[in-house]
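Here's the structure we're looking at; comments come further down.
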Amino acid sequence: MKLITWNVNSLRARLERTLGVLDRHAPDVLALQETKCTDDQFPFQELEAAGYHAVHHGQPKYNGVALLSREPVDDVRRGFPGDPAPDMARVVGGRVGDLHLLNCYVVNGQAPGSDKFALKMRWLDALRDHLASAYDPSDRLVVVGDWNITPDDRDVHDPEKWREQIHCTEEERAQLRGFLDWGLTDLHRLHDDGPGPWTWWDYRMGAFARGWGLRIDLALGTAPVAAACTTVEVDKDERRKTTHETNPSDHAPVAVTLSS
DNA sequence: ATGGTTGGTCGCCAA
C-alpha cells in the first residue's frame with residue numbers, strides 16, 4: 001500500500017502535474033489538500049481515466065480536500081461534527097479495505113495572536129475530539145495532510161528565526177502532541193531523525209533554491225500502521241520547476257508505504 | 001525600510 005499526501009494548491013492549475021504524480025508513483029491513494037474548487041469544477045473524468053476513484057469535499061475558491069483511490073472508498077465522511085468553521089471544506093475521511101483514512105487541511109492561522117490563530121486552536125480542539133469519538137487507537141488509521149505545524153525544531157530550516165512564528169509556536173506544537181498522545185505516531189520520524197526533510201517552501205525570496213523550508217505535511221498513524229510503515233519519502237523533484245513548464249505547488253508530495 | 005510569489009478571480013484575499 002502506497003499512500004501520498006500533497007497540498008496541490010489548486011487542482012485545476014495542476015491537473016497535469018497531478019496526473020504526473022499518479023503516473024510516476026502509482027500510489028494506491030493520493031490525498032489532496034487545497035483543491036480550491038467546487039464539486040462541479042472537479043476533474044472526475046480525467047482522474048477516472050487515470051484509474052482512480054475520487055471523493056471530493058470542495059467549496060468555491062478556497063480549501064477543498066480529496067481522496068483519490070485505485071480501490072473504491074467506503075464510509076466517506078465530508079467534514080466532521082463540531083467543526084467551528086463548517087463552511088470550510090478541510091477534512092475528508094474514508095476507508096479503503098481495512099485502512100481508515102483521514103485527510104486534513106489544517107487552518108493556517110496566519111500569525112500568533114490573530115483571530116485566525118485562535119480559530120486554528122479551536123479547530124484543532126474539535127478535530128481531536130472527533131478523532132477520539134470516531135476512531136480507536138487500535139484501528140488501522142492514517143491521518144494525513146497539511147498540518148501547518150512543525151512538530152519540533154528539527155522540522156525547521158532556521159529554528160531561531162522561526163521561534164514562535166506561525167507554524168512553529170509552542171501552542172501549535174502542543175496541539176499536535178495532543179494527537180500523538182491519543183495514539184498516533186509521526187511516521188516520518190520512524191525512519192529519519194532529521195533535521196529535515198522539508199515539505200513546504202515559500203514561493204517568495206527563492207526559498208526553495210536557498211533551502212528555506214519547513215516540514216508541515218505529515219502522515220500520522222496508529223500503532224498497527226506504524227508497525228507496517230516501511231518508508232516515508234518526500235518527492236522534492238515535484239517542487240522543482242524544471243519537470244514541466246507549469247509552476248509547482250509550494251508543497252512537495254509525501255509518500256508513505258505500508259507492508260501487506 | 002520592507003522584503004515579494006502564486007492562485008482564484010478581476011479587487012483584492014489567502015497562503
Side-chain angles (χ1 to χ4, degrees), chain A residues 5-21 31-43 46 56-66 83-91 103-124 127 144-150 155-158 160-169 171-172 175-176 198-218 235-254:
Chain A
T5 178
W6 188 29
N7 182 321
V8 68
N9 187 19
S10 172
L11 182 54
R12 286 174 295 165
R14 256 171 286 284
L15 180 57
E16 289 308 312
R17 279 180 175 265
T18 302
L19 295 172
V21 166
L32 294 172
Q33 304 89 38
E34 285 208 89
T35 58
K36 290 187 174 177
C37 65
T38 60
D39 288 353
D40 286 349
Q41 299 166 319
F42 190 89
E46 292 86 341
H56 185 226
H57 182 35
Q59 70 175 83
K61 299 192 212 179
Y62 303 119
N63 309 313
V65 282
D83 187 343
D87 292 342
M88 295 178 174
R90 293 182 173 276
V91 173
N103 177 24
C104 308
Y105 175 45
V106 173
V107 174
N108 178 292
Q110 194 176 53
S114 67
D115 289 349
K116 289 176 181 175
F117 190 89
L119 174 64
K120 183 178 195 172
M121 297 300 108
R122 291 206 307 281
W123 191 90
L124 285 163
L127 182 64
V144 296
D146 176 359
W147 280 79
N148 276 316
I149 300 173
T150 55
D155 305 302
V156 184
H157 71 93
D158 185 344
E160 294 316 318
K161 179 185 168 188
W162 280 85
R163 182 83 51 217
E164 289 300 315
Q165 301 298 304
I166 193 63
H167 313 310
C168 301
T169 65
E171 206 175 343
E172 291 164 284
Q175 281 282 5
L176 180 62
W198 323 132
T199 66
W200 170 84
W201 298 258
D202 199 303
Y203 279 128
R204 297 167 288 188
M205 305 287 289
F208 181 75
R210 294 161 125 156
W212 294 351
L214 304 177
R215 190 174 70 95
I216 55 177
D217 299 273
L218 309 176
D235 181 4
K236 197 175 170 183
D237 284 344
E238 176 54 42
R239 181 60 178 82
R240 291 178 218 281
K241 201 168 181 170
T242 48
T243 46
H244 298 71
E245 292 189 353
T246 56
N247 290 324
S249 168
D250 45 354
H251 295 252
V254 179

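Residue numbers begin at 1 in each chain, while the letters A, B, ... track the order of the sequences. Any value given below was found using the heavy atoms of this structure, including those in side chains, with hydrogens, waters and symmetry copies removed. These numbers come from a predicted model, not from an experiment.
Counting any heavy atom pair closer than 4.0 Å across all strands shown, A:Phe208 reaches no nucleic acid atom. Heavy atoms of A:Arg239 sit nowhere under 4.0 angstrom from any nucleic acid atom.
Note: CZ (A:Arg204) to P (B:dG3) measures 12 Å, nearest angstrom. Computed from coordinates, the A:Ile216 CD1 to B:dA15 P distance equals 12 Å when rounded to whole Å. Taking atom CE of A:Met88 as the reference point, atom C1' of B:dA14 lies 10 Å away to the nearest angstrom. As rounded to whole Å, 13 Å separates atom C1' of B:dA15 from atom CG of A:Leu214. In this structure, A:Asn9 atom CG and B:dG7 atom P are separated by 7 Å, rounded to whole Å. In this entry the distance linking CG of A:Asn108 with C1' of B:dG7 reads 15 Å, nearest Å. Rounded to a whole Å, the CG atom of A:Asn148 is 8 Å from the C1' atom of B:dA15. The interatomic distance linking A:Phe117 (CZ) with B:dA14 (P) rounds to 18 Å, in whole Å.
With B:dG4, B:dA14, B:dT6 as the choices, the nucleotide that has an atom nearest any side-chain atom of A:Met205 turns out to be B:dG4. Of the candidate nucleotides B:dA15, B:dT6, B:dC13, B:dT6 has the atom lying nearest to any side-chain atom of A:Asn247. Taking the side chain of A:Tyr105 as heavy atoms from C-beta on, and the options B:dT5, B:dA14, B:dA15, the nearest nucleotide is B:dA15.
Taking the side chain to side chain donor-acceptor pair (under 3.5 Å) definition, one finds that A:Asn108 meets it with nothing, sequence neighbours left out. Remark: A:Phe117 engages no residue in a ring-ring contact (aromatic ring centres under 6.0 Å, His included) (not counting sequence neighbours).
For the residue pair A:Glu34 / A:Asn9, no side-chain donor-acceptor distance below 3.5 Å is found, with atom types taken as modelled.
Taking only side-chain nitrogens and oxygens, A:Lys61 never comes nearer than 4.0 Å to OP1 or OP2 of B:dG7. Taking only side-chain nitrogens and oxygens, A:Arg14 never comes nearer than 4.0 Å to OP1 or OP2 of B:dT6.
Of the two residues near DNA chain B, A:Thr35 and A:Asp202, the one whose nearest nucleotide lies more 5' is A:Asp202. Nearest-nucleotide mapping onto DNA chain B: of A:Arg90 and A:Gly206, the residue sitting toward the 5' end is A:Gly206.
Proximity of a side-chain donor or acceptor of A:Arg14 to a complementary backbone N or O of A:Asn247 within less than 3.5 Å is detected.
Separating the P atom of B:dA14 from that of B:dG4 is a span of 22 Å, rounded to the nearest Å. Look at the C1' atom in both B:dA1 and B:dC10: the space between them is 31 Å, to the nearest Å.
Considering A:Thr199, A:Thr150, A:Asp155 in turn, A:Asp155 is the only one that fulfils the side-chain hydrogen bond (donor to acceptor under 3.5 Å, both in side chains) rule with A:Arg215.
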